[in-house]
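Contents: one structure, followed by commentary.
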Amino acid sequence: MGKLSNNTMQQRKTLNPVDIYTVGHSNTEFEKNGINMEPAYHALQKYFGYTTFLHLQEDIIQDILLKKDVFVLMPTGGGKSLCYQLPALLLDGVTIVVSPLIALMKDQVDSLKANGIAAAHINSSLCFDEMQNVKLDLAENKISILYVAPERLMIPDFLSALKRLNVSLVAIDEAHCISEWGHDFRPGYRQLKVLKEHFPKVPLVALTATATSRVQEDITAQLKLSNPKTYKASFNRKNLFYQVKSKDNAYYQLLRYLEGRKNDSGIIYCYSRKSADDLANKLKKEGHRALPYHAGLKSDLRTETQDKFIKDDVEIIVATVAFGMGIDKSNVRFVIHYDLPKNLETYYQETGRAGRDGEESDCIIFFSRSDMGKISYFIEQKGDETEKQNAYKKLRCMVAFCEGGTCRRKILLEYFGEMYDETNCGNCDNCLNPKETTDGTIIAQKIVSCVAQIGERFGVNYIADILYGSRIQKIVHNRHDTIAAHGTGKEYSKKQWQAFTRELVQLGYLKSEGDRYPIIKLTQDGCDILSGTKGVLLTKPEEKVKIIQKDVDGSFDHDLFEILRSLRKKLADGAGMPPYVIFHDSSLIEMATYFPRSQSDFRTIIGVGESKLEKYGELFLEEIAGYCKEHNIKPA
Ligand code: ADP
Ligand code: ZN
């Protein structure tokens, strides 16, 4: 693999701090809505090592600089943090960031410090002296960004101390925690309702990755944002590959998949604590570094496990839904649902933990209808009838997502109210490998007439049994072994007849009624098939069980990437920080693509700002130079 020319590098990343002021950009280009954005671009490169803003970031930052309240709705990985971190550097005074997880604050602050930004956090993990130091620094206006939990922020003494400082901006991260409709309601967030009264002149920015509109409305109302500008990014996570596999032989399929994923971090979600424990143990025996995580484990152990995952000391976490809220890990390369999620909200949120760094990542569900039973069992425990029906409705949408033959991305986005007009997303199993169809008119006729003959009173399994010619007791008892439809479908398996019947429901040729034990009924369209006035295309039966292995981007040098990854790990361990604080995978991938040789090459790598250039430039350049020499890779 040869080195790309410097020219190419420069094209990709034309601006460095000096260029910004001298080359190609007149001041007017930077001026928008009366705000000169030149300092923002300068800070973007200097501190974060980026040359362009991600979608919406620039507009959001502008509004904040104009001291407006802003509401930011962006999916995970959309780049929310920068929306308040960058203005914090441009505004006088301190930016307060309200964040729910004490455990994450240190990493966030370490990341900022690694970029040369004066950041701090105040929480119970600090000893007395550390706390005093932060307070002193605050009083001397030495801190740009301060992280606190909502409970601490709203302690009256703390609040009045802050009010004496020059607070330039308050950012409320994970703002959905304020809403009881959300998945992570946190009573402490409720107190933030009065924040606006305490800081009437300070702009408030609320940020969340929650896609549901009910939660969104709740947030604006509760925080009393004043006439906020709302920025809603698309919730399409383009870098996530969605795939649903039949749960047959799931363990074997999983092993095959993991074989091709050595060294990659991933989360496997299971339904119960026991299955999480069992699966983690089995994987360990296969030589994978896997650990279980669920609410049944002691809190210390959970923290330790999470820590190992974040630090790349263990690659695979096998978890129940209890896992994830505290996960800010950027390089999660796959999220696998070994059991069916209970609704698309949960699914979107859990898969959202993959690929925060924007790199290609996989989301795979092992789907079996029998998993619905376990979920139904829990739904049945709910007292309230409407709640029950709601939960069933959501479960049916989840199942329709799994069984659907159309673009998964489209189903997902439209569920959350976002139109998606592409005909082929190019990054889900159904778009990459469209299911083949076959003329299903005769199949449909057999099924529809069976439904008619049994008086529209039975479910999918029963129908399949009849067509297949089964003589189970129930069928004999009902004398359905004597009807014309009995035994007319020996050419396919029972499972296949079940699948055909469900597809006909999806297509509207039949309908399904009832929650827990749905029964199949006729529709007008179905009757038209019987009369022969209409033909039907159905999915051709699947023959093999195979996970699609997408070609991962092979255009970088994987060996060098591994070498740089070990260097990153060594440095991170030495500094007691997670590896991604030093560099994201995307930075390492660029290094293993362009083989930077000089400091000026190195600063064009994504994520390399001044501070990282100074701290790590030499070490990484040395490693790259050694590698190039050994492999005879010449500079262009
Ligand atoms: P969110 O909080 O919305 O999940 P993050 O703030 O963690 O997203 O950002 C997601 C990823 O995008 C991070 O790896 C971050 O470093 C990167 N990122 C943010 N802004 C930019 C930018 N302007 N250019 C390139 N990468 C960016
Ligand atoms: Zn698709």
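Note that the coordinates shown come from a computational prediction; the quantities given were computed from them, not determined experimentally. Remember, it's 1-based here, ligands and their atoms both numbered in the order they're listed.
Of all the heavy atoms of His584, the ones lying under 4.0 Å from any atom of ligand 1 belong exclusively to the side chain.
Across Leu65, Ile35, Ile64, a single residue satisfies side-chain contact (heavy atoms from CB on, under 4.5 Å) together with Leu90, and that is Leu65.
Taken to the nearest 0.5 Å, the CZ atom of Arg408 stands 4.0 Å off from the CG atom of Asn430.
Every N/O-N/O distance between Leu44 and ligand 1 stays at or above 3.5 Å. Where the criterion is an N or O separation shorter than 3.5 Å, residue side chain and backbone included, Ser330 fails it with respect to ligand 1.
The two residues His584 and Tyr50 have their closest heavy-atom pair at CD2-OH, 4.3 Å.
Classification of the Tyr41-Phe53 ring pair by plane angle, with boundaries at 30° and 60°, yields perpendicular. Between Phe334 and Tyr257, the angle of the ring planes goes over 60°, which puts this pair in the perpendicular group of the 30/60° scheme.
By the 4.0 Å heavy-atom criterion, Thr51 is excluded from the residues contacting ligand 1. Contact between Gly607 and ligand 1 is absent, with no heavy atom of the residue lying under 4.0 Å from the ligand. In this structure, Gly358 falls outside the shell of residues with a heavy atom less than 4.0 angstrom from ligand 1. Taking 4.0 Å as the cut-off, Met74 does not count as a neighbour of ligand 1 on heavy-atom distance.
When only modelled atom types and interatomic distance are considered, Ser125 and Asn123 share a side-chain donor-acceptor pair under 3.5 Å. Side-chain atoms of Thr212 and Thr210 include no donor-acceptor pair closer than 3.5 Å. For the residue pair Arg152 and Tyr147, no side-chain donor N or O sits within less than 3.5 Å of a side-chain acceptor on the partner.
Seen from the ring of Phe309, Lys329 counts as a face-on cation partner, given the 6.0 Å and 45° thresholds.
Listed by chain and number, the protein N, O or S atoms at a distance under 2.8 Å from the Zn ion (ligand 2) are Cys407 SG, Cys425 SG, Cys428 SG, Cys431 SG.
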